[in-house]
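Numbers here simply count residues along the sequence, with the first being 1.
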Amino acid sequence: MPAVTAPAHQKGDYLVDYEEKKFEDVKAAPGEKALVTFHTVAFEGSIGLVNLLQASRLIQKGFETSVLLYGPGVTLGVQRGFPKLGDEAFPGHLNFNNRIEKIMADGGKVYCCRFALQALYGHGEGSLIPGIIPISPLDVLDIVLLHRRDNAFILDTWTL
């Protein structure tokens, strides 16, 4: 029977070379835009948080960045907390709220479809994180088309 002779990993060990970068660090040219769309349910997987982090990274790279919450994506933008709004029930419970607030504080715009908010998830505009801009369901396609017309980078986030 084979024996394991390598020592076990220890806290503080590096398992990968996280500093090596293969590609140039792309920065936005003046006026370049980005749109990150979300059609994913909060807490149903990592994609919502990962692409909110990508939206923050686009802002850091100089892109005029917008986030679109529609369909189940509106669940990313509602206020949370337990036992009161804003209280973090467990570590990471407010990751979405905190990241969206940071995106807006850093100059990003966050839009939320009113139809999905009310008709699908039973929330009103008062449920949204302050600063999120509610939009008509007819604006959901138009914001994408406007960004396309402006040759913006568009990152679509879809999960079912």
Among residues two or more places apart or on two chains, list those pairs meeting ring-ring contact (aromatic ring centres under 6.0 Å, His included) that have a residue in residues 77-109. Phe43-Phe96, Phe90-His93
With the side chain counted from C-beta on, respond yes when Pro72 and Tyr121 share a heavy-atom pair under 4.5 Å apart, and no when they do not. yes
Here the gap from Ile103 atom CD1 to Ser66 atom OG, rounded to the nearest 0.5 Å, amounts to 10.5 Å
Within the side chain of Gln10, is there an N or O that forms a donor-acceptor pair under 3.5 Å with the backbone of Ala8? yes
Can you see which heavy atom on Glu20 is nearest to which on Asp17, and at what distance? N-OD1, 3.2 Å
Backbone N/O of Gly77 and side chain of Asn97: donor-acceptor pair under 3.5 Å: no
Please determine whether residues Ile133 and Leu146 belong to a single hydrophobic cluster, defined as Ile, Leu, Val, Met, Phe, Trp and Tyr linked transitively by side-chain heavy-atom distances below 4.5 Å. no
Which side-chain N or O atoms in residues 48-58 pair as donor and acceptor under 3.5 Å with protein atoms at least two apart or in another chain?
unit_1	atom_1	unit_2	atom_2	d
Asn51	ND2	Thr157	OG1	2.7
Ser56	OG	Arg99	NH1	2.9

Any side-chain heavy atom of Pro134 sitting closer than 4.5 Å to one from Leu117? no
Is there a side-chain contact between Glu44 and Thr75 (heavy atoms, below 4.5 Å)? no
Would you name the heavy atoms of Ala152 and Ala34 that are closest together and state the gap between them? CB-N, 4.2 Å
Does Leu94 share a hydrophobic cluster with Val74, counting links as ILVMFWY side-chain heavy atoms below 4.5 Å and allowing steps through other members? no
As an exercise, state the distance from CE of Met104 to NZ of Lys102, rounded to the nearest 0.5 Å. 12.0 Å
Say you draw a straight line from CD of Glu88 to CZ of Arg80; how long is it, rounded to the nearest 0.5 Å? 12.0 Å
Hey, what do you get for CD (Glu32) to CD (Glu64), rounding to the nearest 0.5 Å? 11.0 Å
Can you name the nearest heavy-atom pair linking Leu68 to Ile135, along with the distance? CD1-CD1, 3.8 Å
Determine whether Ile132 and Ile100 make a side-chain contact, defined as any pair of heavy atoms from C-beta on separated by less than 4.5 Å. yes
Residue pair Arg114 / Ser136: nearest heavy atoms and the distance that separates them: NH1-N, 4.0 Å
Working to the nearest 0.5 angstrom, can you tell me the gap between Thr65 OG1 and Lys109 NZ? 10.5 Å
For Leu120 and Gly71, the nearest pair of non-hydrogen atoms, with its separation, is CD1-CA, 4.3 Å
Quick check against the 3.5 Å criterion: does Gln79 have a side-chain atom that pairs as donor or acceptor with the backbone of Gly126? yes
When Ile, Leu, Val, Met, Phe, Trp and Tyr are grouped by side-chain heavy atoms lying under 4.5 Å apart, directly or through other members, which residues fall in the same group as Leu141? Leu145
Nearest atoms (heavy-atom pairs only) where Leu76 meets Ile129: O-CD1, 4.1 Å
Taking atom CG of Leu35 and atom CG of Leu155, what is their separation to the nearest 0.5 Å? 9.0 Å
I want to check something: taking the side chain as every heavy atom from C-beta on, are Lys61 and Asp25 in contact at a cut-off of under 4.5 Å? yes
